[in-house]
*Asks:* 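Quick one: the structure is below, and I'll ask about it shortly.
Chain letters run A, B, ... following the sequence lines, proteins first and then strands; every chain starts at 1. No hydrogens, no waters, no symmetry mates; every other heavy atom, side chains included, goes into these values.
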Protein chains: 2
Amino acid sequence: MLNQSIANSVVSTNATHTVPSPAVPSPAANPFAEITGHAGLIASEFSYKKDEEIYGEDEPAEYVYQVISGAVRSYKLLSDGRRQIGAFHLPGDVFGLEFGSVHRLAAEAIIDTTVRLVKRRSLEQAAGTDVTVARKLWTMTAHDLRHAEDHMLLLGRKTAMERVATFLLEMDRRLAVAGMMALPMCRRDIGDYLGLTLETVSRALSQLHSQGVLGFSGARQIVLRNRQRLRSMDA
Amino acid sequence: MLNQSIANSVVSTNATHTVPSPAVPSPAANPFAEITGHAGLIASEFSYKKDEEIYGEDEPAEYVYQVISGAVRSYKLLSDGRRQIGAFHLPGDVFGLEFGSVHRLAAEAIIDTTVRLVKRRSLEQAAGTDVTVARKLWTMTAHDLRHAEDHMLLLGRKTAMERVATFLLEMDRRLAVAGMMALPMCRRDIGDYLGLTLETVSRALSQLHSQGVLGFSGARQIVLRNRQRLRSMDA
DNA sequence: CGCGCCTTTGACGGCTCTCAACTTTCGTGG
DNA sequence: CCACGAAAGTTGAGAGCCGTCAAAGGCGCG
């Protein structure tokens, strides 16, 4: 019931599980380039396989990362294994930037992922002499804070359907290409991001599908057919 | 059932509804003093009555505030009135600091409150020339982010009892005097902070009381009698 | 001293979780 | 290119935690 519901002539069938977003935004809008360019910092690249850990919670924060391709989840765990994903990082996003010396959340590659990275101490040092770097660090942290504030509202007060609607609109904004989005993450990841179980996420998506609000082309290829309706559900 | 359960000989009875914390931490630990002292900024004072709005959501962010006395809640609203309190601000805390030009959350005085305030543009300007100020702004935003990340885990994954336990330990740490805390906020505020209803908060507190984990002296005067037990409940 | 807000407590219902079975998709290898 | 097995996703039934509605009690402020 979840397939063949899209006239997806525009979508290449081998696009599954890759995030086809524009690799990295233009240099002008790229905070990493701004910083490294400005301060003459050395940026390396590194790749991680699907589900590979990039760093652990409370691990020393040695590097700051930018997603080049792939996708990353940042999360916290409770002692019994309950997980809260705080953010998904998609191509162009910077993650792992900490004020202190340790990572407050763990990070894992959701799919095969390549990142650019610079040493945190280099950034700190540059910020100590260059106010534009210092300001950029503030900007990036402030951006994360804004997202966290919105997400607290979602987690504390929205219904399951509202959470899923919010999620779809966020992902649509961040990774839709030609009106379609290829989700890199599984239902469990979505649930742990939204404070729900994977079953509840699945049921909400099925309901939206049956109402014609969205179309599937494989469980992770989604087309939004009625964004206005979705926005009205997002409370 | 909620009163006279404490041998509170140390607590003056007229302490209700005032937050008896140390007015403002030592200048060395005071971010506001650090900044204003460093940059020669002008700080004014202002007072708000109980439940008075300090600023609204999406209002221009003209000032940055520091609580001198009293208590403040920062929150977001959904269109139908559901509210998520993102943080409580107690004496010494800085709030209302935004990277952009508008406030992402509204702020209200929980009880009669006096604040110190400086113009945001003054800070921005100072940060443009002084890296220590720029760094301080980053520090404060990073601190808020850390709290928001912890709170997302609470809202997304903790049970009602775990949330209340976490809340009690947080308030104990932040405003306990002589082993007792005088909560400035009502049950509804606590519920809106924890993503619960006021009734659920009340039931959890009653249960902790009946288990001897805490003692009451009026609904808002609480003594923690078994912090270890509470920590084990907070997951 | 008394009114009104805050808090507590109870009964009940429902939204989401849990547990389970089935289906589909996807990666792998023949 | 197809077959196979495992992982991911869907769907159903039932339970439980927390929310809703309601009422009574307590405390604080005027």
*Asks:* Is it true that a side-chain atom of A:R104 and a backbone atom of A:E57 form a donor plus acceptor pair closer than 3.5 Å?
*Replies:* no
*Asks:* Between the protein and nucleotides 21-23 of chain D, which nitrogen or oxygen pairs are less than 3.5 angstrom apart?
*Replies:*
from	atom 1	to	atom 2	distance (Å)
D:dC21	N4	B:E199	OE2	3.1

*Asks:* Specify whether B:Y193 and B:F88 have parallel, tilted or perpendicular ring planes, treating 30° as the upper limit for parallel and 60° as the lower limit for perpendicular.
*Replies:* tilted
*Asks:* Give me each pair satisfying ring-ring contact (aromatic ring centres under 6.0 Å, His included) with a member in residues 64-83 of chain B, each pair once, sequence neighbours excluded.
*Replies:* B:Y55-B:Y65, B:Y65-B:F95
*Asks:* State the CG-NE2 distance between A:L97 and A:H143, to the nearest 0.5 angstrom.
*Replies:* 12.5 Å
*Asks:* Please determine if a side-chain N or O atom of A:R187 lies less than 4.0 Å away from the OP1 or OP2 oxygen of D:dT10.
*Replies:* yes
*Asks:* Report the nucleotide, chosen from D:dG9, C:dT7, D:dA8, that has the shortest atom-to-atom distance to any side-chain atom of A:K50.
*Replies:* D:dA8
*Asks:* If you look at every heavy atom in A:M185 and A:I110, which pair is closest and at what distance?
*Replies:* CA-CG2, 3.7 Å
*Asks:* Check DNA chain C against residues 73-82 of chain B and give the residues with a non-hydrogen atom under 4.0 Å, in numerical order.
*Replies:* none
*Asks:* Do the non-hydrogen side-chain atoms of B:H147 and B:E170 ever get within less than 4.5 Å of each other?
*Replies:* yes
*Asks:* Can you find a heavy atom in the side chain of B:K158 that is under 4.5 Å from one in the side chain of A:L78?
*Replies:* yes
*Asks:* Would you tabulate the nitrogen or oxygen pairs shorter than 3.5 Å linking the protein to nucleotides 14-16 of chain C?
*Replies:*
from	atom 1	to	atom 2	distance (Å)
C:dT16	OP1	A:A160	N	2.8

*Asks:* Quantify the bending of the helix from C:dC1-D:dG30 to C:dG30-D:dC1 as the angle between its end axes, each fitted on five pairs, to 10°.
*Replies:* 50°
*Asks:* Name all residues meeting the side-chain hydrogen bond (donor to acceptor under 3.5 Å, both in side chains) criterion together with B:D144; count only those two or more places apart in sequence or in a different chain, and write none if there are none.
*Replies:* none
*Asks:* For B:K76 versus A:E149, what's the shortest heavy-atom pair and its separation?
*Replies:* CD-O, 3.9 Å
*Asks:* Which one, C:dC6, C:dT8, D:dG9, comes nearest to the side chain of B:C186?
*Replies:* C:dC6
